[in-house]
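For reference, the structure is listed below as structure tokens.
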Amino acid sequence: MKRRNFIKNASLTGVGVAVGSSIIGCAENKKEDNKAAATNTKASLPLVIATWNVPNATAKAWDVLQQGGSVLDALEQGVMVEEADEKNQSVGKGGRPDRDGNVTLDACIMNKEGDCGAVVYMQNITHAITVARKVMEDTPHVMLAGKGAEQFAVEIGMKRENLLTDASKKEWEEWLVEKEYKPIINIENHDTIGMLAIDKNGDISGACTTSGLAYKMAGRVGDSPIIGSGLFVDNEVGGAVATGLGEEVVKTVGSFLVVELMRQGKSPQEACEEAIGRIVSKPNSNYKNFQVGYIAVNKQGETGSYSIHEWFSMTKYQDGKNENYQSDYYLKDKE
């Protein structure tokens, strides 16, 4: 999964052009067909969807389901693919560090019963999603943070390792030359993998994992591990996950909002669009300078995706086909 120019408007710098150009060719040819295919599609189960272009992750999740594994096994093993990919500098090992050079991970998972587990600001453990699942299943808690999360991970048999790769360290050292140590979103980019799956019985679960905002202040936690913000599942209704500037997702409790809008009768596409609308319509919103994207699925297996800026996408594995769909976006008619 390639990192997008996720904070700045693509028109602001050549960086945005470079990032966007990696997917422009595909997007122009498939955009309209993709929109129709990605939204309001009746389900053939099982079904797996994920934020961004992550075919290896969705393929792994699909394979686990096809082999008779549980939906939680599918989600965990699916996102673990990205956590272990050192070239993906937004998740797991190789993630971009905070301003002090520490790679810190956030993750959460939620099952069909509404049980959930999360870890925040965890260091030295690659597979944050596995720790989050163990928090849900093996402790009386929902969330563990920092050194406590790391200690728990070691106690359940996970190994400590250095998560800062040479590539991410080099980029961080280059950033240090002209850094501005204040909590202003400027050139820092980040991404997330959020995944939702429906098994053959129609039961929904979800997972989300990230290394968060690049060069963030030490201790910063975004939306990804926060149940209701980065992820929410209601097995009677559907599920949603978010990606983007976590602070803005938290302020609107975005994933919970999407699911509640579906409960009120909106389609996943309509719910994602309204949730983005809540962000951009806030007084003095600076939405032209940051990105937020949602994907969602309802109990009927209909899916939707929507974002503020162009180039957000959703990967869907269904009916034996593993495809990436470019998302519709808010600024299309407003730039």
Side-chain angles (χ1 to χ4, degrees), residues 1-10 12-20 22-23 51-54 79 82-107 119-126 128-129 146 161-194 208-226 229-230 242-250 286-293 307-309 311-312:
M1 178 175 64
K2 295 181 178 178
R3 180 175 302 276
R4 278 77 176 173
N5 185 11
F6 207 60
I7 302 303
K8 295 186 71 178
N9 187 351
L12 295 180
T13 70
V15 174
V17 175
V19 175
S22 66
I23 54 177
T51 54
W52 300 109
N53 186 18
V54 288
V79 301
E82 296 301 321
E83 289 180 330
D85 183 359
E86 295 182 16
K87 294 182 180 179
N88 180 348
Q89 293 176 284
S90 60
V91 179
K93 189 173 184 179
R96 289 184 173 91
D98 63 19
R99 296 169 186 249
D100 297 328
N102 299 309
V103 179
T104 64
L105 306 182
D106 304 319
V119 293
V120 303
Y121 197 62
M122 185 176 71
Q123 300 180 44
N124 304 314
I125 305 293
T126 295
I129 194 64
E161 57 182 323
N162 180 17
L163 303 183
L164 184 63
T165 59
D166 290 341
S168 291
K169 182 179 180 180
K170 181 179 179 181
E171 290 185 5
W172 169 64
E173 289 173 341
E174 291 172 352
W175 176 84
L176 285 174
V177 175
E178 297 183 1
K179 70 175 183 178
E180 290 186 78
Y181 196 86
K182 51 186 177 180
I184 295 178
I185 303 302
N186 45 30
I187 64 168
E188 293 95 337
N189 300 322
H190 70 127
D191 229 44
T192 299
I193 177 171
C208 190
T209 183
T210 188
S211 58
L213 188 68
Y215 321 131
K216 60 198 174 187
M217 294 180 67
R220 181 264 188 187
V221 174
D223 68 297
S224 296
I226 308 300
S229 292
T243 184
L245 183 57
E247 283 77 2
E248 296 300 325
V249 177
V250 169
N286 192 31
Y287 65 87
K288 289 187 177 181
N289 291 317
F290 63 80
Q291 173 74 304
V292 171
S307 60
I308 299 174
H309 294 268
W311 308 125
F312 175 57

Expected output: side-chain Thr51 to main-chain Gly194 donor-acceptor under 3.5 Å: yes
Side chain Ser307, main chain Val292, donor-acceptor under 3.5 Å: no
Taking every non-hydrogen atom, the tightest pair across Asp100 and Trp172: C-CZ2, 3.6 Å
Donor-acceptor side-chain pairing of Glu82 and Thr209 below 3.5 angstrom: no
Backbone of Tyr287 reached by a side-chain donor or acceptor of His309 within 3.5 Å: yes
Gln123 side, atom CD; Asn162 side, atom CG - distance, nearest 0.5 Å: 10.5 Å
Side-chain (Thr210) to main-chain (Asp106) donor-acceptor, under 3.5 angstrom: no
Side chains of Lys179 and Arg99 in contact at under 4.5 Å (non-hydrogen atoms): no
Spacing of Ser224 atom OG and Ile193 atom CD1 [to the nearest 0.5 Å]: 11.0 Å
Non-hydrogen side-chain atoms of Tyr121 and Asp98 separated by less than 4.5 Å: yes
Within-4.5 Å side-chain heavy-atom neighbours: Leu105 and Glu83: no
Between OG1 on residue Thr104 and CD1 on residue Ile125, distance to nearest 0.5 Å: 13.5 Å
Aromatic plane relationship, Trp52 with Phe312 - under 30° parallel, 30 to 60° tilted, over 60° perpendicular: perpendicular
Least distance between heavy atoms, Asp223 atom then Gly244 atom: OD1-O, 4.3 Å
CG-OG distance between Asn88 and Ser211, expressed to the nearest 0.5 angstrom: 7.5 Å
OG1 on Thr165 to NZ on Lys87, rounded to 0.5 Å: 11.5 Å
Atom of Ser168, atom of Gly94 and distance for their closest heavy-atom approach: OG-O, 2.5 Å
Partners meeting side chain to side chain contact (heavy atoms under 4.5 Å, CB included) with Glu174 (sequence neighbours left out): Lys170
Flag side-chain contact, heavy atom, 4.5 Å: Pro97 against Val103: yes
Evaluation steps, salt bridge (Lys or Arg N to Asp or Glu O under 4.0 Å), between Glu247 and Arg220: CA-CA 10 Å; Glu247 283 77 2; Arg220 181 264 188 187; 2.8 Å; yes
Least distance between heavy atoms, Cys208 atom then Ala242 atom: SG-O, 4.4 Å
Check: Gln291 side chain, Ile308 main-chain N or O, donor-acceptor pair, under 3.5 Å: yes
